[in-house]
Chemist: 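Please see the structure below; I have some questions.
By convention in this document, chain letters (A, B, ...) are assigned in the order of the sequence lines, proteins followed by strands, and residues within each chain are numbered from 1.
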Protein chains: 2
Amino acid sequence: MQNGCMIDPRLTTLRVFARTGTVGATAELTGYSPSAVSAQLRELQRVLGMQLLTKDGRGVRLTATGRFLVTGSDALMTEWERLRAAALQAGDQVQSHFGLGGFSTAAAQLLAPLAAALRTSRPQVEVQVLEANPDRCFDLLVAERIDLAVIVAMQSQTYVEEDPRFEQTTLLNDPLDVILPSDHRLASRATVTLEELATEPWITEAPGSTYHSLFTAAFTAVGVTPRIAHEAVEWETQIAFVGAGMGVGLLPRLAPLGSTENVTRLRISGQGQPSRRIVAAVRKGSISSPLIKESLGILQRRAKRILTERLEDEV
Amino acid sequence: MQNGCMIDPRLTTLRVFARTGTVGATAELTGYSPSAVSAQLRELQRVLGMQLLTKDGRGVRLTATGRFLVTGSDALMTEWERLRAAALQAGDQVQSHFGLGGFSTAAAQLLAPLAAALRTSRPQVEVQVLEANPDRCFDLLVAERIDLAVIVAMQSQTYVEEDPRFEQTTLLNDPLDVILPSDHRLASRATVTLEELATEPWITEAPGSTYHSLFTAAFTAVGVTPRIAHEAVEWETQIAFVGAGMGVGLLPRLAPLGSTENVTRLRISGQGQPSRRIVAAVRKGSISSPLIKESLGILQRRAKRILTERLEDEV
DNA sequence: TCGATCATGCACCCATTCTGCATCATTATC
DNA sequence: GATAATGATGCAGAATGGGTGCATGATCGA
């Protein structure tokens, strides 16, 4: 919202409301107070001469006209992003504020280095990083609080490919590695297959989480049913369990082992090498903006380096 | 500018500046003071992080980036007009303010009745009519001071057909009639040809005016060179000259004879019936707006009625 | 019935932005 | 070459718009 936004901020507020459904949540996302959001929407209806909202129980709900306006405004936003990107490119300029969002691992492993790189290459740009889950990332993109989000594909309610508000680029395929105690019988191997580990006690995330489904998908692919011994929420915990010899686990290569002792990371070989796809999402039309293009390059280089170096570094 | 404009007003100011070339003229058109325009443009450059203007002598001039932004913003404006029109249509609503512009005859003969009709059919809409020449009409359209302009085709520097900012609809082909003293030898005829009047003393507008070129074009078409006896600026004057028996003249049928005595209006027959085409111009994308569609209908019906009834009324 | 959840109105306050005037730079005129 | 005219801009002051915080009202669940 603080960016050079030529579209009336109240329209952005309406779009955020369309996503959240309540005035309060819209206020939280946009950074306004609830009464400000309420007033903005009322004013918007006045100047446009349209009824956009109706009372619905204790809340409010978009009318058909309101939904129409929100849907149609996608093209308007895209058009503006495109224009801004092109003009910046033509004038060899960059915007003064740049917001980044991403989930925990991405924020630490990818966005923090990116912010550092931009601070040296573009010292005049004020960079802000927000750690947020994928769904909130999309909210923040719509609310124009951030300009680029790093998320795990398929891990949000939003279907980026089809949504006219966003476009995305694959940053990397983040393979899952096996982590096992350093004194494990297979720990000295270069690679293992999931079949070889079928009878091991596994440590995983709680059922229902996105990582758990990644876990089961990996074993389903090779036709093996693993024995789940323990459950953890944070990777730190999971790694600690493994270090204590309580079992083995899967860890995305992007996630660092940290300073943990007694844990070895092994590449998975054989068929069905599980991975999660990590993508960068931006508002549609903005992908050719100089700052975003530069950032995508930095992110991809950084991701590649992590993927190739991590195994060697940690062994 | 007072309309439901979702695009930052400062961008509109920039667009008006691109048309006028000076801060002062932009201020006059937009209704701001010159210092406000100056401040707006400065602020616009700041928030966009682009240099849009450079000093040029005692004035300022758009940079390449500025021209790029203005050109590219055409699509943005069109997109917004389209969206607004569609949303209004979907919700069966109309905007609260409606600005009309047109040249003198159109303002009196077409726009005034239109305003009256709208006042009864849409009492909640605040209608404003501005009399202005065609070029200024386009300026006012860009500045969003008016939403619909009635102009004579080919009578402005702006080539409406090609300009991505406007679209137009033909309202009527306004034929030129002959006016002559009521005691003239041909005054009792139903129609005359220009050939029959070749030797008459003609009263016309000053050379260089658009009506003068219409005049010469009419005679060039039939291969006759008229004798120009007198020149007038206003039609009122021309009609008075004719009434005084000083000669004959051409008058668009849309222009009323008024209360003048001793003047007869005759239809022109034969080949090369001269006429001027009168069109309605709107901002691109807005033509399907309910209020504009309704207005175009009223204007066309009104124009048709005038064309068919005027001769009978006045004889 | 009571509490929780949402939206909204109101009083107040701050920031943005406009106006009017003065000033400065440049160009035209005599 | 002096002087007037034109055009842009900076500054002080004022007004308007838009924001926050709190109180209120309405609806739903327990």
Side-chain angles (χ1 to χ4, degrees), chain A residues 1-48 50-63 66-67 70 96-97 139 143-145, chain B residues 1-48 51-63 66 70 96-97 139 143-145:
Chain A
M1 209 69 101
Q2 60 281 74
N3 247 339
C5 182
M6 287 299 99
I7 314 294
D8 194 312
R10 293 170 296 188
L11 194 59
T12 304
T13 303
L14 182 74
R15 289 163 58 80
V16 175
F17 175 85
R19 260 189 88 79
T20 62
T22 76
V23 171
T26 307
E28 193 276 327
L29 264 171
T30 54
Y32 289 113
S33 67
S35 40
V37 171
S38 181
Q40 280 191 11
L41 295 178
R42 183 158 21 92
E43 186 62 11
L44 190 63
Q45 298 184 78
R46 201 190 59 76
V47 300
L48 290 179
M50 309 176 187
Q51 190 180 352
L52 303 171
L53 305 167
T54 30
K55 311 195 77 156
D56 179 34
R58 59 187 162 187
V60 287
R61 174 174 50 82
L62 281 180
T63 64
R67 272 193 305 277
V70 168
S96 58
H97 185 276
D139 288 340
E144 310 216 337
R145 291 273 298 277
Chain B
M1 206 70 100
Q2 60 280 74
N3 245 339
C5 180
M6 286 299 100
I7 313 294
D8 194 311
R10 292 171 297 187
L11 193 58
T12 304
T13 303
L14 182 73
R15 289 164 57 81
V16 175
F17 175 84
R19 260 189 87 79
T20 61
T22 76
V23 170
T26 307
E28 193 278 327
L29 264 171
T30 53
Y32 289 113
S33 66
S35 40
V37 171
S38 181
Q40 280 191 11
L41 295 178
R42 184 155 24 91
E43 187 61 11
L44 190 64
Q45 299 184 76
R46 201 190 58 76
V47 301
L48 290 179
Q51 189 180 353
L52 303 171
L53 306 168
T54 31
K55 309 198 78 158
D56 180 34
R58 60 186 164 188
V60 287
R61 175 173 50 84
L62 281 180
T63 64
V70 168
S96 58
H97 185 276
D139 287 341
E144 310 217 337
R145 291 274 298 277

Chemist: How does protein reach along nucleotides 15-21 of chain C, written 5' to 3' as B (base within reach of a heavy atom under 4.0 Å), S (only sugar-phosphate), or - (no contact)?
Modeler: ---SBB-

Chemist: Let me have a per-nucleotide readout for nucleotides 23-30 of chain C, 5' to 3', with B, S or -, counting only protein heavy atoms under 4.0 Å.
Modeler: ---BB---

Chemist: Distance alone, cut at 3.5 Å: any donor-acceptor contact between the side chains of A:T13 and A:Q40?
Modeler: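 A:Q40 and A:T13 do have a side-chain donor-acceptor pair below 3.5 Å.
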
Chemist: Excluding sequence neighbours, so at least two apart, what forms side chain to side chain donor-acceptor pair (under 3.5 Å) with B:T20?
Modeler: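 Checked B:T20 against side chain to side chain donor-acceptor pair (under 3.5 Å); matches are B:T26.
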
Chemist: Under the salt bridge (Lys or Arg N to Asp or Glu O under 4.0 Å) definition, can you give me all pairs with a residue in residues 22-41 of chain A, not counting sequence neighbours?
Modeler: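 Applying salt bridge (Lys or Arg N to Asp or Glu O under 4.0 Å) to every pair that reaches into residues 22-41 of chain A, excluding sequence neighbours, yields A:E28-A:R136.
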
Chemist: Holding to side-chain contact (heavy atoms from CB on, under 4.5 Å), I want the full list of residues that pass it with A:T22, two or more places apart in sequence or in another chain.
Modeler: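 side-chain contact (heavy atoms from CB on, under 4.5 Å) list for A:T22, sorted by chain: A:A25.
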
Chemist: Looking at residues at least two apart in the chain, or sitting in another chain, which of them share a side chain to side chain donor-acceptor pair (under 3.5 Å) with B:R10?
Modeler: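 Scan of B:R10 (side chain to side chain donor-acceptor pair (under 3.5 Å), adjacent residues dropped) gives B:D8.
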
Chemist: Under the side-chain contact (heavy atoms from CB on, under 4.5 Å) test, which residues partner A:A39, sequence neighbours left out?
Modeler: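 A:A39: side-chain contact (heavy atoms from CB on, under 4.5 Å) contacts with A:R42.
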
Chemist: According to salt bridge (charged side-chain N to carboxylate O under 4.0 Å, His left out), who are the partners of A:R61, at least two apart in sequence or on a separate chain?
Modeler: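 Salt bridge (charged side-chain N to carboxylate O under 4.0 Å, His left out) list for A:R61, sorted by chain: A:D56.
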
Chemist: Test of understanding: with side-chain contact (heavy atoms from CB on, under 4.5 Å), list the residues that count as partners of B:R46, not counting sequence neighbours.
Modeler: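 Per chain and number, B:R46 pairs via side-chain contact (heavy atoms from CB on, under 4.5 Å) with B:E43.
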
Chemist: List the residues meeting side chain to side chain donor-acceptor pair (under 3.5 Å) with A:T63, not counting sequence neighbours, and say none if there are none.
Modeler: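 Applying side chain to side chain donor-acceptor pair (under 3.5 Å) to A:T63 gives none.
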
Chemist: For chain A and DNA chain D, what are the first and last nucleotides along the strand, 5' to 3', with at least one atom under 4.0 angstrom from a heavy atom of the protein chain?
Modeler: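 The footprint of chain A covers D:dG19 to D:dC28.
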
Chemist: Would you please name every residue forming a side-chain contact (heavy atoms from CB on, under 4.5 Å) with B:Q45, sequence neighbours left out?
Modeler: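 B:Q45: side-chain contact (heavy atoms from CB on, under 4.5 Å) contacts with B:Q51, B:L52, B:L53.
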
